[in-house]
There are 2 protein chains.
Amino acid sequence: MKRTDKKSVRRKGGAVTIDEVAALAKVSPMTVSRVINGHSKVRDTTREKVMAAVNKLGYVPNAAASSLAAAQDARIALIYTDPSGAYLRELLMGTLHGAARSAAQLVIADWDELGVGTERKAARALARKVAGVILPPPLCESKTVIDELVKAGVHVVAIAAGRFDPDISSVRIDDFLAGKEITSYLIKMGHTRIACIKGNPSQSASTRRFEGYQAALKEAGIPLDTALVRQGYFTYRSGLPVAEELLALRKPPTAIFAGNDDMAAAAVSVAHRRGIDVPRDLSVVGFDDSSAATTIWPELTTIRQPILAMADAAIDILLRAIRRKESEPRVVVHQVAAHQLVLRDSVAPPHTASGKKS
Amino acid sequence: MKRTDKKSVRRKGGAVTIDEVAALAKVSPMTVSRVINGHSKVRDTTREKVMAAVNKLGYVPNAAASSLAAAQDARIALIYTDPSGAYLRELLMGTLHGAARSAAQLVIADWDELGVGTERKAARALARKVAGVILPPPLCESKTVIDELVKAGVHVVAIAAGRFDPDISSVRIDDFLAGKEITSYLIKMGHTRIACIKGNPSQSASTRRFEGYQAALKEAGIPLDTALVRQGYFTYRSGLPVAEELLALRKPPTAIFAGNDDMAAAAVSVAHRRGIDVPRDLSVVGFDDSSAATTIWPELTTIRQPILAMADAAIDILLRAIRRKESEPRVVVHQVAAHQLVLRDSVAPPHTASGKKS
DNA sequence: ATGAAAGCGCTAACAA
DNA sequence: TTGTTAGCGCTTTCAT
């Protein structure tokens with residue numbers, strides 16, 4: 001006679017509880033719980049009764065209560081270092097979606113704020129707060145960060161890393177293949193003087209993409225012209241001077257493959273300022289399909305990373321790891337998501353190929 | 001003898017609980033709770049004892065348990081409609097920060113996905129899930145949306161709305177003043193032919209900003225030239241054709257005030273394509289200080305909205321409203337945050353003013 | 001397939 | 001100022 005009592009004094013909002021649903025459906029709260037959580041051992045007729053009651057009452061489970069009871073405090077953190085890039089924001093949205101879908105609680109944290117002291121301290125602090133961590137670049141490239149995290153007992157999954165650390169799970173695209181694919185596309189369009197603006201050398205994705213670029217050239221029998229290869233840092237600003245150099249060359253490239261969209265946008269901007277039309281006089285391609293790709297004119301041909309799906313996958317991996325009993329062996333998963341070549345307006349056949357000046 | 005028992009069977013991770021802290025500090029769990037939550041009625045010596053135990057054990061409160069116990073299931077939703085704009089992403093980050101700070105659980109939802117049926121249904125569904133809603137534009141301009149939400153019993157705060165609905169709380173900047181300020185700045189730099197690209201007419205912030213523009217002109221005794229006023233829609237794309245028109249004028253403007261950064265970026269892009277140097281031949285200013293402002297070259301002089309602080313404020317207002325007893329009267333708060341004129345590289349004195357062609 | 005009992009870790013209310 | 005009691009709403013375990 002404890003639960004069926006009148007509403008307790010400490011109840012606040014008029015939220016519907018599992019007991020009310022149970023009462024209406026004339027079953028035990030336990031059965032309602034089973035229905036809600038999709039357990040199999042429930043008779044269909046019972047399930048229907050319960051669902052009817054749930055809908056009638058507009059019952060929504062109390063997340064706090066269930067995670068408390070289930071001891072499944074599935075809190076996951078997304079740790080970033082450099083909140084600038086358009087890329088991070090996409091990732092954030094994706095993770096948020098995935099977390100909502102899985103009833104995981106997402107914590108967003110800045111590694112630098114976390115690690116006021118040493119990295120070890122930061123890792124420990126984090127370990128107390130969450131059970132799993134999603135690590136985007138460049139954090140996921142840092143062996144020390146990963147080690148501390150793992151040592152602190154947190155489950156970790158690297159997202160969008162160029163190479164994968166065998167110790168931790170990862171979700172990524174094949175940067176090499178993608179880089180090769182988009183370069184080959186440029187070649188197919190008739191380009192042979194294709195420049196490359198590499199991304200931040202400290203992130204291995206940059207290297208993978210560049211290797212893809214080289215492979216495509218090689219496959220087409222085009223010798224690598226080092227004069228056409230420049231170093232950028234994934235930022236818009238870093239793309240400006242190198243694009244400037246490239247376009248000031250006596251024999252400028254007819255196409256530029258930038259390591260990401262931000263640098264590609266910089267190249268387009270520089271081209272425009274020099275009176276070079278994109279794509280007529282210069283083709284430009286980016287990488288990531290971040291918001292920068294469509295926030296310029298012409299919109300960029302680029303490689304899309306399926307961030308949303310990748311974030312979802314990362315969360316799934318984490319959740320599975322967290323819920324695994326301690327007796328079961330630890331499992332490391334490496335997942336490669338399919339990228340996609342997105343054709344937009346920043347590419348055309350090279351000017352010289354289609355005839356003299358129009 | 002219930003709590004001091006050996007660890008219960010159902011405990012999962014080795015998480016430290018309040019009871020262990022209490023035991024170590026030789027006080028009751030309640031006292032620990034009070035220390036943790038910063039209640040005043042705790043003797044300093046006791047507080048220190050407790051804090052020592054907390055630190056020694058590395059105790060971190062279990063959020064699920066406390067919100068369950070305190071019945072403070074403060075779930076707040078951020079509802080958006082148009083996830084495109086750079087602006088929304090900033091807001092998202094801000095809200096996330098604020099939510100973390102206040103231990104509120106944040107739910108991010110797309111209004112359109114919510115409202116598969118009518119708006120009324122969407123509002124009802126939302127009301128079951130959360131206690132409060134943060135409404136950015138353009139949703140916060142919709143009287144019906146607000147009404148349904150309020151009717152459904154959710155607390156609502158509009159963020160960054162141009163005008164304020166007297167029925168609901170709001171956090172915003174003074175768009176009129178900001179628009180006037182940045183226009184005046186242009187005037188002070190010597191510009192007199194200042195064009196304006198207005199934002200989406202369905203969002204009142206556009207109007208406020210435009211009114212600010214007019215006020216600044218008037219104050220300076222510059223007659224409003226309607227040929228220099230164009231309609232945009234806050235998107236990059238929408239800025240392209242109108243910027244084109246503006247710069248194709250026989251007497252083109254020497255400066256453009258765009259209703260937001262995206263449209264300003266479009267104006268810069270168009271200018272570059274026409275061989276017009278920014279800022280030498282044309283000054284451009286934006287509004288919002290979104291990522292678009294610094295993702296182009298030259299970086300935009302613009303108005304910064306303190307989104308982070310605004311999001312924080314919105315969450316505070318919501319939380320206070322939610323926690324207010326039902327007996328207390330409902331309070332509507334209107335908060336105006338201080339904007340800031342951010343000077344960057346997209347503005348210079350008009351070319352003609354500093355002499356003939358260089 | 002379903003139910004009863006016993007908490008998960010914390011805090012509001014009241015007592016001391 | 002501090003402790004005691006009684007849950008918050010749910011799910012685990014173990015019966016039935």
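Naming convention: chains lettered A, B, ... in sequence-line order (proteins, then strands); numbering from 1 in each chain.
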Inset, instruction - Calculate the interatomic distance between I36(B) atom CD1 and dC10(C) atom C1'; express it in whole Å. - result: 11 Å

Pairwise N/O distances under 3.5 Å, protein to nucleotides 14-16 of chain D:
none

Inset, instruction - Only counting residues at least two apart or in another chain, list the ones meeting side-chain contact (heavy atoms from CB on, under 4.5 Å) with D165(B). - result: K143(B), I146(B), D167(B), I168(B)

Legend entry - Residue M30(B), side-chain atoms from C-beta onward, closest of dA12(C), dG3(C), dC8(D): dA12(C)

Inset, instruction - Measure the shortest side-chain to side-chain distance between S33(B) and I18(B) over non-hydrogen atoms and say whether it is less than 4.5 angstrom. - result: yes

Inset, instruction - Verify, without hydrogens or angle tests, whether T95(A) (side chain) and L91(A) (backbone) share a donor-acceptor contact under 3.5 angstrom. - result: yes

Legend entry - Distance, rounded to the nearest Å, where E20(B) contributes CD and dC8(C) contributes C1': 13 Å

Inset, instruction - Tell me, please, which residues at least two apart from P306(B) pass side-chain contact (heavy atoms from CB on, under 4.5 Å). - result: I173(B), A309(B), M310(B), A337(B)

Inset, instruction - Please state whether the phosphate of dT11(C), meaning OP1 or OP2, lies under 4.0 angstrom from any side-chain nitrogen or oxygen of S33(B). - result: yes

Legend entry - Value in whole Å for how far the C1' atom of dT4(D) lies from CD1 of I18(B): 14 Å

Legend entry - Side chain of K41(B) - closest among dT1(D), dT11(D), dA1(C): dT1(D)

Legend entry - Interatomic distance where CG belongs to D19(B) and C1' belongs to dT5(D) [whole Å]: 14 Å

Legend entry - Euclidean distance, atom CG of residue L68(A) to atom P of dT11(D) [Å, nearest integer]: 11 Å

Inset, instruction - Can you sort out the partners of K26(A) under side-chain contact (heavy atoms from CB on, under 4.5 Å), two or more places apart, ordered by chain and number? - result: none

Inset, instruction - Specify the residue among A65(B) and R43(B) whose closest nucleotide of DNA chain D lies further upstream toward the 5′ end. - result: R43(B)

Inset, instruction - For H39(A) and dC10(D), give me the distance from atom NE2 to atom P, rounded to whole Å. - result: 15 Å

Legend entry - Between P of dT2(D) and CG of D44(B), the distance in whole Å: 10 Å

Legend entry - Nucleotide nearest T46(B) (side chain, heavy atoms from C-beta), chosen from dC10(D), dT1(D), dC10(C): dT1(D)

Legend entry - Presence of S66(B) side-chain N/O under 4.0 Å of dC10(C) phosphate oxygens OP1/OP2: no

Inset, instruction - For dT1(D), take OP1 and OP2 only and decide whether either is under 4.0 Å from a side-chain N or O of T31(B). - result: no

Inset, instruction - Taking side-chain contact (heavy atoms from CB on, under 4.5 Å) as the test, write out the residues that go with I36(A), two or more places apart. - result: V32(A), V54(A), Y59(A), P61(A)

Inset, instruction - For H39(A), check ring pair (Phe, Tyr, Trp, His ring centres under 6.0 Å) against everything at least two apart and list the hits. - result: none

